[in-house]
Amino acid sequence: MTTQTPALLIDDASRHYAGTPAPAVDGVTIDVAAGEFLALLGPSGCGKSTLLRMVAGFERLDGGRITVGGRTLSGPATHVPPEERRIGLVFQSYALWPHMTVAGNVAYPLETARVPRAEREQRVRAALDTVGLSGFDARHPAELSGGQRQRVALARCLVMSPELVLLDEPLANLDVHLRAAMEEEFADFHTKTGATMVYVTHDQAEAMALATRIAVLDHGRLAQVAAPRTLYREPATRMVAGFVGQGAVVDGVVTGPAADGRVRVRLFGAEALVRCRTGQPEGQALVCLRPEDLEPAPDGPIAATVVRAAYKGGFVLVEAEPQAAPGVRLLLRVSGDAQVAPGEALRLAVRDGWVVPEGPSQERLTPARE
Ligand code: ADP
């Protein structure tokens with residue numbers, strides 16, 4: 001049997017900084033296929049940058065192995081230095097040389113690699129063309145916008161035709177409008193180059209927009225790695241359910257199977273049908289309810305009170321408290337024409353939901369974030 005070698009394999013990798021109570025990266029295994037765009041997502045301090053630096057070679061492993069294209073770069077007896085890894089790096093600080101022109105900055109790694117002048121010029125032109133900066137060759141970084149500087153950094157990385165490109169929060173320094181535009185550029189850049197990319201971000205919307213798969217880290221451990229849709233619809237843990245997308249994770253009781261592969265659950269004294277993994281046992285369970293899973297309905301079985309209503313343009317985002325569960329907040333969207341005010345009574349129907357497989361017994365693994 002032949003299996004395709006992953007472009008990048010992170011195999012049970014760990015890193016524990018001296019003097020810290022817990023490992024920053026703790027037994028993480030992820031394989032990334034050639035041409036894939038993987039986002040590493042998680043809250044600040046979950047170990048994303050450490051993991052990226054381990055792949056880049058700036059950080060040694062305390063356990064496990066990292067291979068790129070089948071070649072071990074980090075392992076028990078191996079540590080290939082960063083400059084020999086043929087990995088492209090793009091960081092939030094663009095690290096451009098201010099005294100060099102755009103073309104000079106992009107050509108710099110080729111000069112270091114002693115690429116002949118004619119080929120160098122041709123590759124610089126192609127790289128600048130890919131990032132939409134043809135004609136900017138003679139400018140200096142100070143004469144460019146933040147987004148343009150980031151594109152120069154991309155071109156400089158691209159010009160070396162790296163097997164793998166690592167990006168660490170490359171949009172973090174840009175304003176909101178520019179971020180949206182640059183998201184599209186990154187997606188284009190990925191399509192045009194076909195390069196394998198690993199992209200660190202704490203912004204779930206950015207990860208959703210860009211990645212083919214997202215790996216969510218939680219306290220140094222891999223909580224789940226899946227396509228954006230799966231992550232949203234079938235979160236594996238309470239932490240993933242809360243971090244990716246909006247909604248609520250609530251306590252329920254699975255009472256038995258339903259005809260369509262879903263299960264019956266008791267939620268706030270009412271019965272609902274929700275999706276689950278196969279073999280979901282009966283009993284206490286955590287249920288993830290996204291805003292679109294809930295609907296106001298005159299005969300809905302759940303009595304609730306509106307706590308907050310915010311007009312979002314086209315719809316109103318409503319936060320509601322079930323009368324049977326004070327303190328719990330459900331989120332739902334109602335039509336933009338509806339007049340909804342805090343304090344109003346509301347009846348809700350549950351149209352769908354997902355039993356979080358982690359289950360209530362493992363809650364202690366991911367303490368609720370304040
Ligand atoms: P993220 O990129 O997700 O914000 P980091 O990888 O930067 O997370 O950090 C993970 C954990 O490791 C944090 O608790 C952080 O404080 C710690 N850490 C990061 N770098 C160092 C270091 N050089 N020395 C000691 N602890 C570090």
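Just so you know, ligand 1 is whichever comes first in the structure, and atom 1 is the first atom listed for that ligand. The shown structure was predicted, so the numbers you read here are calculated from the model rather than taken from an experiment. Any value given below was found using the heavy atoms of this structure, including those in side chains, with hydrogens, waters and symmetry copies removed.
Counting only heavy atoms of the protein, atom 7 (O) of ligand 1 lies nearest to Ser49 CB, 3.9 Å. Scanning all protein heavy atoms for the shortest distance to atom 8 (O) of ligand 1 gives Gly47 N, 3.2 Å. Nearest protein heavy-atom contact of atom 12 (O) of ligand 1 is Ala24 CB, 3.4 Å. Atom 18 (N) of ligand 1 has Tyr17 CE1, 3.3 Å as its closest protein atom, hydrogens excluded (heavy atom only). The nearest heavy-atom contact from the protein to atom 1 (P) of ligand 1 is Gly45 N, 3.4 Å. Closest to atom 9 (O) of ligand 1 among all protein heavy atoms lies Thr50 OG1, 3.8 Å.
Counting the atoms of ligand 1 from 1 in the order shown, those under 4.0 Å from a heavy atom of Pro43 are 3 (O).
Residue Arg53 places a heavy atom under 4.0 Å from ligand 1. Not a single heavy atom of Gly42 sits closer than 4.0 Å to an atom of ligand 1.
For a threshold of 3.5 Å applied to N or O pairs, the pair formed by Lys48 and ligand 1 contains at least one separation below that value.
In this structure, Arg347 places its CZ atom where more than 12 heavy-atom neighbours from other residues, nucleotides or ligands lie under 6.0 Å away. No more than 12 heavy atoms of other residues, nucleotides or ligands sit less than 6.0 Å from atom CD of Glu184.
Across Ser335 and Val316, no two heavy atoms sit closer than the pair O-CG2, 3.8 Å.
A donor-acceptor pair under 3.5 Å is absent between the side-chain atoms of Glu119 and the main chain of Pro116, judged by distance alone. In this structure a side-chain-to-backbone donor-acceptor pair under 3.5 Å is present from Arg290 to Gln246.
Checking Arg71 against Thr78 by side-chain atom types alone, no donor-acceptor pair falls below 3.5 Å.
Neither the backbone nor the side chain of Ala18 has a heavy atom within less than 4.0 Å of ligand 1. At a heavy-atom cutoff of 4.0 Å, ligand 1 is contacted by the side chain of Thr20 but not by its backbone.
Taking the six-membered ring where the residue is Trp, His190 and Phe37 present perpendicular rings, their angle passing 60° and hence far from 30°.
Looking at Arg86 and Glu163, a side-chain N of the basic residue comes within less than 4.0 Å of a carboxylate O on the acidic one, giving a salt bridge.
Taking hydrophobic clusters as Ile, Leu, Val, Met, Phe, Trp and Tyr residues chained together by side-chain heavy-atom distances below 4.5 Å, Leu289 does not share a cluster with Phe315.
Of the protein's heavy atoms, none falls inside 4.0 Å of atom 15 (C) of ligand 1.
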